[in-house]
Amino acid sequence: MNYWLIKSEPSVYSLENLKTEKQAIWDGVRNYQARNYLRQMQIDDFAFFYHSNTKVPGIVGLAQVKEAGIADPTQFDPDSPYYDSKSTKDSPRWQTVIVEFVENFPHLISLTTLKQDFTAEELILVKKGNRLSVMPISSEVAQRILKLAKP
DNA sequence: GCCAACGTTGGC
DNA sequence: GCCAACGTTGGC
């Protein structure tokens, strides 16, 4: 069982959207480090859902991996902004997962709070200049985040 | 809206 | 392989 954190701009795709749709393919990630983490995700892993680029950025809830190691279909779609002409169906460059809504936390855990409670070593998210949209969370840190969410 | 930090691209 | 230029991310 692994824990992850996935970022999304709520104006693009929010946890509310996931709640409505129940499941979603986490497509459009075009960063190699983030993709490598997506490749490591396994069914039933949990992912904290983080809202970025918003008034109060922070963790808003939890999702769970339902399918792993899926080729991101947008890489083959010439009309998609995520189209990758160099990727082939025989060896797709971009893999991702399908996530399912688990829960909304009773209140948001703001980035400010996360910065106060975790060091950059514990949580890459709070490292200055961090831009990674998918990152691993140690189970110890995950438990502390859950405690913050539901004291 | 600003801008620091970062990743990618492409010329050399 | 280096690195300047550029585009993007994302907090503030």
Side-chain angles (χ1 to χ4, degrees), chain A residues 2-21 23-41 45-65 68-138 141-142 144-149 151:
Chain A
N2 300 301
Y3 288 91
W4 307 91
L5 182 145
I6 54 179
K7 272 188 202 172
S8 188
E9 298 189 23
S11 61
V12 179
Y13 195 84
S14 68
L15 185 58
E16 288 301 316
N17 294 135
L18 184 61
K19 187 176 188 177
T20 304
E21 296 180 5
Q23 292 194 350
I25 181 163
W26 209 249
D27 59 11
V29 174
R30 292 295 178 271
N31 169 285
Y32 285 103
Q33 204 181 344
R35 181 211 58 184
N36 292 344
Y37 289 133
L38 285 169
R39 282 179 171 173
Q40 292 172 28
M41 288 189 186
D45 282 359
F46 286 106
F48 291 100
F49 203 105
Y50 179 88
H51 280 175
S52 67
N53 222 339
T54 186
K55 210 165 212 169
V56 186
I59 294 172
V60 288
L62 200 61
Q64 189 169 31
V65 176
I70 298 172
D72 181 342
T74 61
Q75 70 194 306
F76 305 123
D77 177 5
D79 295 328
S80 167
Y82 305 116
Y83 178 61
D84 184 347
S85 61
K86 293 186 190 124
S87 182
T88 64
K89 296 220 171 185
D90 285 341
S91 86
R93 181 179 289 183
W94 306 105
Q95 284 80 28
T96 190
V97 296
I98 286 174
V99 290
E100 183 177 86
F101 176 83
V102 175
E103 63 179 335
N104 254 313
F105 289 154
H107 57 85
L108 167 143
I109 309 170
S110 70
L111 179 60
T112 309
T113 299
L114 292 169
K115 279 179 174 168
Q116 285 166 1
D117 285 37
F118 299 96
T119 65
E121 288 73 34
E122 290 172 325
L123 187 62
I124 314 166
L125 180 80
V126 303
K127 203 168 162 185
K128 192 187 172 194
N130 164 70
R131 284 170 46 180
L132 200 57
S133 66
V134 177
M135 66 192 76
I137 305 281
S138 75
V141 168
R144 286 166 61 195
I145 294 173
L146 288 169
K147 202 170 281 181
L148 285 174

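Every value quoted in this text rests on a predicted model; they were computed, and no experiment measured them. In what follows, every chain begins at residue 1, and chains take the letters A, B, ... in the order their sequences are listed.
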TODO: Please collect all salt bridge (charged side-chain N to carboxylate O under 4.0 Å, His left out) contacts where either partner lies in residues 70-94 of chain A, sequence neighbours excluded, each pair once.
DONE: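 For residues 70-94 of chain A, and leaving out neighbouring residues, the salt bridge (charged side-chain N to carboxylate O under 4.0 Å, His left out) pairs sorted by first residue read A:R30-A:D72, A:D84-A:R93.
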Open item on the list: I'd like to compare against my own output: the B/S/- annotation of nucleotides 3-12 of chain C with a strict under-4.0 Å heavy-atom distance to protein.
Closed with: ----BBBBBS
TODO: Could I get the full list of salt bridge (Lys or Arg N to Asp or Glu O under 4.0 Å) partners for A:E9, not counting sequence neighbours?
DONE: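 With sequence neighbours excluded, A:E9 shows a salt bridge (Lys or Arg N to Asp or Glu O under 4.0 Å) to no residue whatsoever.
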- [ ] Applying salt bridge (Lys or Arg N to Asp or Glu O under 4.0 Å), name anything that partners A:R39, two or more places apart in sequence or on another chain.
- [x] none
Open item on the list: Could you check whether any side-chain heavy atom of A:V60 comes within less than 4.5 Å of a side-chain heavy atom of A:E16, counting everything from C-beta outward?
Closed with: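 No, every pair of side-chain atoms sits at 4.5 Å or beyond.
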Open item on the list: Tell me every residue that passes ring-ring contact (aromatic ring centres under 6.0 Å, His included) with A:F118, counting only those two or more places apart in sequence or in another chain.
Closed with: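 Testing A:F118 for ring-ring contact (aromatic ring centres under 6.0 Å, His included), a comparison that skips the adjacent residues, returns none.
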TODO: Decide if atom OH of A:Y82 counts as having more than 12 heavy atoms of other residues, nucleotides or ligands within a radius under 6.0 Å.
DONE: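 At most 12 heavy atoms, drawn from other residues, nucleotides or ligands, come within 6.0 Å of this atom.
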Task: Residue from A:F49, A:W94, A:W4 passing ring pair (Phe, Tyr, Trp, His ring centres under 6.0 Å) with A:W26 - done: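 Result: among A:F49, A:W94, A:W4, A:F49 is the only option passing the ring pair (Phe, Tyr, Trp, His ring centres under 6.0 Å) with A:W26.
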Open item on the list: For DNA chain C, which residues of residues 78-91 of chain A approach it to below 4.0 angstrom with any heavy atom?
Closed with: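 Hits under 4.0 Å, by residue number: none.
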